[in-house]
Student: 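Structure incoming, see below.
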4 protein chains.
Amino acid sequence: MFIYYYEWGEAMRRKDDQKQLSIKQAVIKTILAEGFHGASISKIAKAAGVSPATVYVYYDSKDAMLRDIYKEYSEDIYTYVVKRVTREMDGKQLIESLVRSYYNYITEHGEVFYFVEQFSSCPALVNNCRNRHNRSQVGMLLDDLKKRQVIKNVDNITITALMFNPVKSIALQPEVRPEVKSGVLEDLIRMIQDALLKKQP
Amino acid sequence: MFIYYYEWGEAMRRKDDQKQLSIKQAVIKTILAEGFHGASISKIAKAAGVSPATVYVYYDSKDAMLRDIYKEYSEDIYTYVVKRVTREMDGKQLIESLVRSYYNYITEHGEVFYFVEQFSSCPALVNNCRNRHNRSQVGMLLDDLKKRQVIKNVDNITITALMFNPVKSIALQPEVRPEVKSGVLEDLIRMIQDALLKKQP
Amino acid sequence: MFIYYYEWGEAMRRKDDQKQLSIKQAVIKTILAEGFHGASISKIAKAAGVSPATVYVYYDSKDAMLRDIYKEYSEDIYTYVVKRVTREMDGKQLIESLVRSYYNYITEHGEVFYFVEQFSSCPALVNNCRNRHNRSQVGMLLDDLKKRQVIKNVDNITITALMFNPVKSIALQPEVRPEVKSGVLEDLIRMIQDALLKKQP
Amino acid sequence: MFIYYYEWGEAMRRKDDQKQLSIKQAVIKTILAEGFHGASISKIAKAAGVSPATVYVYYDSKDAMLRDIYKEYSEDIYTYVVKRVTREMDGKQLIESLVRSYYNYITEHGEVFYFVEQFSSCPALVNNCRNRHNRSQVGMLLDDLKKRQVIKNVDNITITALMFNPVKSIALQPEVRPEVKSGVLEDLIRMIQDALLKKQP
DNA sequence: CATGAATGAGCGTTCATTCAT
DNA sequence: TATGAATGAACGCTCATTCAT
């Protein structure tokens, strides 16, 4: 008589990456549609096309799920902006690039950005997970500019606050039309350059 | 058994206002303590020292209640900053005053500010109520400065984005110590002045 | 205009004792019918004719509810048996009375007794609540008999184990007919008397 | 991908038995640790080191599994006590042996005994399975003693109720220290002898 | 006006069981 | 045979809201 044992190989890998992805997308989509507190597991599961119980195959709890997705995306925007910087850029160009990339990321990845923002604004959730990897890449960039006397020698949190928060608030304005936003963005870039760059004698 | 009181006067009326006020304070306090989605009617009622049913004497629904309170406080910060501007101030001083007042409001009225921020960040809620009264007072101030060629002639939403958002993000950082924030605030004010003021030849 | 305040009096006492009683009865009945682990809140609520949420008006949690009901009934049987003892009884009669009363209680209050037994047999539950009030009345009775040299001078837990456990096991046998149980009870009483009473020279 | 093994012998067979055994042990262990209603299939499977689905290879359902295990162990204690009886024992010794063995079984096989007790106390489960094999061996022993006029001529259920239930209740008391239990057991044995043995003229 | 009681709907989660491999 | 994935049903419980007084 034959006895067969199944080998734990590729064929048996049944934890479905596609399914987990669709859950993640459903989370982000549902939170955008229903707000953070309106995104229940059952709504998310319905949006993902799975049973509520299936969510718990992939995540230990709702909080853990949100935290995992947050961790995955929280630093995404900084990776994005840093990747678009090149060596040839001078200080002025670099500031423009960073601000513009930040804006572009928001328009291109609105749902994800919105999710991260929502999550960040809830202290109860965000306090449990800290990861500052790619953000620090921005910090290194700024440190270099300061050393090279290109930008003013102030704390990085001051610089990033000035560079990213105004453009964020513009990008998220639901009432302002994109064309207007473009113009505003140009003005903003000039003004941030004025604020940050050292005046050359 | 019913007991009747005939006397009806200011004292009686004030009692009701008092109750509504304590509900409002309870809302803001509870949302700070428990987060937006942890602030249930029963918790709020308990914090206010009334029955859950009493809340519905003053408000039609939970959403209506939050909206009412939001409307009451959403523009509070702009009233605050405008009130602290005086006629003698030149452009530079005016910018400093606006930014500093904005920062002071957040530190002094943290609970209210937190509530307004939380509410604002939920589109489902905020879309139903728009009021731009006191913010426009800031707009008038800026328009005047632009007409007098003191600050650059750009859209007001650009200016306010640059003036208020960086300082907000600094003020809300939970990890940064107040002493550090003070220094950052000074730097920020200088840089916002550099960004906004017209360069004098 | 009239203002009336409601006095918190008998008329306003709306927490319905009858409803709480019907919940208690539903608990006991449902546990008998469905077993301890089959008695869910929703089944209990249905049996009591209320909404599941209503249960939580009267009890903080399911465990607290079971514990409350247990505490109310756990010593009931000892109250019952002690109450049926009279001063005139000699040792032999007293033993007969205690055993017979214990048996009668079980047949008369089968549901309650079953609930208490089920609860007692779950260590996780019973460890959180200890009350030994009426049981100790039995202990005092036995101490007196020992002092008066009527029964053997052994530990009370030994005596109660011998007096009550055999009759309990008989009473709970579902397959044995009541007539047979009567005969068995008589035999049991004689033998327990033989076991406990000091032999007179 | 499938891998085939041809060799099929005792070793293979034993492996399956081993797996079923480890499931059985996991059931008993988990019920002791988590209580009857805390012993879910997934917890049991985890404790046994198998997948939840594997349990259903060996048993049709959870109830069937519990019933099977119950049937296997329910009469174990009577096999145990009967095996420790020898021909040379007189009536007094025999009673002592039975009672003491019963006590020893409980202390030695606490987990199994606890499982059987828990199962027995749930009518919904126990009603579906009846087997009185080894218990009847005790009955034959008692019948013989009665015929030989050593013990009183009463129904066997009366005798077993008196012999086994008190000692069970003592053995299961979690608060009483083992040393105390020893003394109680001695007293109990004397008293059960007094109750059961025919008085010699 | 003010309340504690009451509730249907929904929450996050776990269950016993089945499926696909 | 053995498995991790998948699930409908049910769990205990809380919610915003209404009811009866």
Side-chain angles (χ1 to χ4, degrees), chain A residues 2-9 11-16 19-20 37-38 40-45 50-63 65, chain B residues 1-2 5 12 15-16 19 37-45 50-63 65, chain C residues 1-9 11-16 19-20 37-38 40-45 50-63 65, chain D residues 1-2 5 12 15-16 19 37-45 50-58 60-63 65:
Chain A
F2 281 99
I3 314 272
Y4 48 86
Y5 284 85
Y6 212 87
E7 262 234 324
W8 232 152
M12 192 71 176
R13 170 68 115 290
R14 291 252 306 303
K15 194 105 144 195
D16 193 339
K19 194 158 281 182
Q20 176 149 22
H37 75 279
S40 68
I41 288 285
S42 62
K43 282 180 190 167
I44 289 165
V50 300
S51 152
T54 304
V55 173
Y56 290 87
V57 172
Y58 294 93
Y59 299 102
D60 283 344
S61 68
K62 190 188 181 187
D63 274 17
M65 179 183 69
Chain B
M1 184 203 291
F2 284 101
Y5 286 86
M12 256 20 315
K15 190 167 195 299
D16 298 340
K19 196 159 277 181
H37 82 279
S40 66
I41 289 285
S42 57
K43 280 181 190 167
I44 289 165
V50 301
S51 157
T54 305
V55 173
Y56 288 85
V57 173
Y58 295 94
Y59 300 102
D60 283 346
S61 70
K62 191 188 182 186
D63 275 17
M65 179 185 69
Chain C
M1 189 203 285
F2 282 97
I3 315 272
Y4 46 86
Y5 284 86
Y6 213 86
E7 264 236 321
W8 232 148
M12 192 69 176
R13 169 67 117 289
R14 292 251 306 302
K15 196 106 144 196
D16 194 339
K19 193 157 281 183
Q20 176 150 24
H37 74 278
S40 68
I41 289 285
S42 63
K43 282 180 190 166
I44 290 165
V50 300
S51 152
T54 305
V55 173
Y56 291 87
V57 172
Y58 294 92
Y59 299 101
D60 283 346
S61 69
K62 190 189 182 187
D63 274 17
M65 180 183 69
Chain D
M1 185 203 290
F2 283 101
Y5 288 88
M12 262 1 337
K15 190 168 196 301
D16 298 339
K19 195 157 278 183
H37 82 278
S40 66
I41 289 285
S42 58
K43 281 181 190 167
I44 290 165
V50 300
S51 158
T54 306
V55 173
Y56 288 86
V57 173
Y58 294 96
D60 283 345
S61 70
K62 190 188 182 187
D63 275 16
M65 179 185 68

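All chains are named by letter (A, B, ...) in the order of the sequence lines, taking the proteins before the strands, and each is independently numbered beginning at 1.
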Student: A:Ile41 side chain: which of F:dT17, E:dC11, E:dT13 is closest?
Tutor: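 Looking only at heavy atoms from C-beta outward on A:Ile41, the closest nucleotide is E:dT13.
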Student: Do any side-chain nitrogens or oxygens of B:Ser51 fall under 4.0 Å of OP1 or OP2 in E:dG4?
Tutor: yes
Student: With nearest nucleotides of DNA chain E determined for D:Asp63 and A:Asp63 from heavy-atom distances, which residue corresponds to the more 5′ nucleotide?
Tutor: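 The residue closer to the strand's 5' end, by nearest nucleotide, is A:Asp63.
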Student: With both distances kept under 3.5 Å, what pairs with F:dA5, Watson-Crick or G-U wobble?
Tutor: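 F:dA5 is paired with E:dT18.
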Student: From the list E:dA2, F:dT17, E:dT7, which nucleotide is the closest neighbour of the side chain of B:Ser61?
Tutor: F:dT17
Student: Start at the 5' end of DNA chain E and walk down; is the nucleotide closest to D:Asp60 or to B:Val57 reached first?
Tutor: B:Val57
Student: Just compare E:dT3, E:dA5, F:dA2 and give me whichever is closest to any side-chain atom of B:Ala53.
Tutor: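 Side chain of B:Ala53 sits closest to E:dT3.
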Student: If you check the A:Ser40 side chain, which of E:dC11, E:dC15, E:dT7 turns out closest?
Tutor: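 Shortest atom-to-atom distance from the side chain points to E:dC11.
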Student: Rounded off to whole Å, could you give me the CE-to-C1' distance for the C:Met65 and F:dC13 pair?
Tutor: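 Nearest whole value for this atom pair: 12 Å.
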Student: Is the shortest side-chain N/O distance from C:Ser42 to OP1 or OP2 of F:dC11 below 4.0 Å?
Tutor: yes
Student: Please state whether the phosphate of F:dA5, meaning OP1 or OP2, lies under 4.0 angstrom from any side-chain nitrogen or oxygen of A:Tyr58.
Tutor: no
Student: Report yes if a side-chain nitrogen or oxygen of C:Lys19 is closer than 4.0 Å to either non-bridging phosphate oxygen (OP1 or OP2) of E:dA6; otherwise report no.
Tutor: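 Yes.
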Student: For C:Lys62 and F:dA10, what is the distance between atoms NZ and P respectively, to the nearest whole Å?
Tutor: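 My rounded result for the distance is 15 Å.
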Student: Any heavy-atom pair between the side chains of C:Tyr58 and C:Met65 that's under 4.5 Å?
Tutor: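 A side-chain contact is absent here, since even the closest heavy-atom pair is not under 4.5 Å.
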Student: Where the side chain of A:Tyr56 is defined as all heavy atoms beyond and including C-beta, which of E:dG4, F:dC11, E:dT14 is the nearest nucleotide?
Tutor: E:dT14
Student: Both D:Thr54 and A:Thr54 contact DNA chain F. Taking the nearest nucleotide for each, which residue is further toward the 5' end?
Tutor: D:Thr54
Student: If only atom types and distance count, is the side chain of C:Lys62 paired as donor or acceptor with the main-chain N or O of C:Ile41 below 3.5 Å?
Tutor: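 Flag not set: sc C:Lys62 to bb C:Ile41 has no pair under 3.5 Å.
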Student: Could you check how far CD1 of D:Ile44 sits from P of E:dT14, rounded to whole Å?
Tutor: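 After rounding, the gap between these two atoms is 17 Å.
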